[in-house]
Engineer: 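Dropping the structure in here first, questions after.
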Number of protein chains: 2
Amino acid sequence: MKLSTKGRYAVTAMMDLAIYGSAGPVTLADISQCQGISLSYLEQLFAKLRKAGLVEGVRGPGGGYRLARPANQISVAQIITAVDESVDMTRCKGEANCQDGESCLTHELWMDLSKRLYEFLDGITLADFVERPEVQEIARRQSREALRHHLLFGRFAA
Amino acid sequence: MKLSTKGRYAVTAMMDLAIYGSAGPVTLADISQCQGISLSYLEQLFAKLRKAGLVEGVRGPGGGYRLARPANQISVAQIITAVDESVDMTRCKGEANCQDGESCLTHELWMDLSKRLYEFLDGITLADFVERPEVQEIARRQSREALRHHLLFGRFAA
DNA sequence: ATATTCCCTAGCATAGCAGTCGGGATTGGA
DNA sequence: TCCAATCCCGACTGCTATGCTAGGGAATAT
């Protein structure tokens, strides 16, 4: 497990999907503009998120991305590992017999720590963020505006 | 906050200090050999750890590094932030007024998440690892060997 | 049809990682 | 007093991953 700015990009983008996704798919162009991330870079990140089964894309006008599962079934740990593929384990793993044939104890301890960290991040889902009152407030405002936008442009006008 | 292999090196090295440090300072050469990390690279890491006040060096023969504080007062978060200095905040921070003048909500949420993560890692101290029975066992064996080593080389022979 | 969106591949500049080298300064022990 | 073991410091280097650009597809609402 690794945690860098790349993971942050993915997590914040997924938060966007979770928050604003109630009114239909969210385009990468929107996220790009809002978060200041390059569009093509976002596309590459979302390719990984899609391969990991976390999002699904909707093509064509009015398309975008939406969560592949309910927000309470997508954890932060899943997002980070999907994007930050890093299984570069310790080098001194079995064969190195430092300390009189005993394999390095600290590696065991590190494995334990990283496991704990993963479990912690796996316990935090996107829903934990979306369900907050202030987020709900903004999301409602956003969807009202989205609806007005649709009406202005005749999206729903039969 | 960031978490990469660099931070892992630092944390595992600090574990070594906490475990084997009871019998005097631990040399970087030992850690280097045990963990398979380059000596000079370790020196650079420990320079940062020392500047952060987490360890103190003892020069001369028989020297090495020891923890600057008791192990239960050194958290994993402190070690990682000491070594992984990364305060590269979000780019769209106040001035970007996406979504109708409202600053990006997801940044707030990310800040909250990283704060939670820090608090989690700050709650885990080196002592949590040292105090385990199996670690205690090995540490005792190690110190017996260290003592024998001292006697063999006449360290304590008046 | 056409514009909009996702999708894919290739390349590219830069920064940071991990390491090397070469030298100090300090200090315990012979 | 000298030597060897340590910590300390700075500069340099190859390599990888990051973040980004460019350029093209394929699907699909209108």
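Chain naming here is simple, since letters A, B, ... match the order of the sequence lines and numbering starts at 1 in each.
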Engineer: Could you check whether B:Leu39 gets within reach of a base, just the sugar-phosphate, or nothing at all, counting any heavy atom under 4.0 Å?
Structural biologist: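 Answer is nothing: B:Leu39 stays at 4.0 Å or more from every strand.
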Engineer: Hey, what are the protein-to-nucleotides 16-18 of chain D N/O distances that come in under 3.5 Å?
Structural biologist:
| unit_1 | atom_1 | unit_2 | atom_2 | d |
| --- | --- | --- | --- | --- |
| D:dT18 | OP1 | A:Lys2 | NZ | 3.4 |
| D:dT18 | OP2 | A:Lys6 | NZ | 2.9 |

Engineer: Please list, chain by chain and in numerical order, all residues satisfying side-chain contact (heavy atoms from CB on, under 4.5 Å) with B:Glu131, sequence neighbours excluded.
Structural biologist: B:Ala127
Engineer: Looking at residues at least two apart in the chain, or sitting in another chain, which of them share a side-chain contact (heavy atoms from CB on, under 4.5 Å) with A:Gln136?
Structural biologist: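 For A:Gln136 the side-chain contact (heavy atoms from CB on, under 4.5 Å) partners, ignoring immediate neighbours, are A:Val130, A:Arg140.
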Engineer: List for me each residue that meets salt bridge (charged side-chain N to carboxylate O under 4.0 Å, His left out) alongside B:Glu119, sequence neighbours excluded, and say none if there are none.
Structural biologist: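 Partners of B:Glu119 under the salt bridge (charged side-chain N to carboxylate O under 4.0 Å, His left out) test: B:Lys115.
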Engineer: Do any N or O atoms of the protein come closer than 3.5 Å to N or O atoms of nucleotides 2-5 of chain D, and which pairs are they?
Structural biologist:
none

Engineer: Who pairs with A:Thr27 by side-chain hydrogen bond (donor to acceptor under 3.5 Å, both in side chains), at least two apart in sequence or on another chain?
Structural biologist: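 Only A:Asp30 meet the side-chain hydrogen bond (donor to acceptor under 3.5 Å, both in side chains) criterion with A:Thr27.
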Engineer: Going by side-chain contact (heavy atoms from CB on, under 4.5 Å), name the residues that satisfy it together with A:Asp16, two or more places apart in sequence or in a different chain.
Structural biologist: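 Result, side-chain contact (heavy atoms from CB on, under 4.5 Å) vs A:Asp16: A:Tyr20, A:Ile31, A:Gln35, B:Thr106.
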Engineer: Tabulate protein N/O versus nucleotide N/O from nucleotides 8-12 of chain C, keeping only pairs under 3.5 Å, one per line.
Structural biologist:
| unit_1 | atom_1 | unit_2 | atom_2 | d |
| --- | --- | --- | --- | --- |
| C:dC8 | OP2 | A:Arg50 | NH2 | 2.4 |
| C:dC8 | N4 | A:Glu43 | OE1 | 3.3 |

Engineer: Does B:Arg59 have any salt bridge (charged side-chain N to carboxylate O under 4.0 Å, His left out) partners at least two apart in sequence or in another chain, and if so, which?
Structural biologist: none
Engineer: Within the structure, does a side-chain N or O atom of A:Tyr65 lie under 4.0 Å from either OP1 or OP2 of C:dC7?
Structural biologist: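 Checking C:dC7 against A:Tyr65, a side-chain N or O does come within under 4.0 Å of OP1 or OP2.
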Engineer: Identify, with sequence neighbours excluded, every residue that meets side-chain contact (heavy atoms from CB on, under 4.5 Å) alongside B:Ala52.
Structural biologist: B:Leu54, B:Ala82
Engineer: Can you name the salt bridge (charged side-chain N to carboxylate O under 4.0 Å, His left out) partners of A:Asp122, sequence neighbours left out?
Structural biologist: none
Engineer: Taking only residues two or more places apart in sequence or in another chain, which ones pass salt bridge (charged side-chain N to carboxylate O under 4.0 Å, His left out) with A:Lys48?
Structural biologist: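 A:Lys48 satisfies salt bridge (charged side-chain N to carboxylate O under 4.0 Å, His left out) with A:Glu85 once adjacent residues are dropped.
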Engineer: Of the nucleotides C:dC6, C:dG19, D:dC20, which one has an atom closest to the side chain of B:Ile37?
Structural biologist: C:dG19
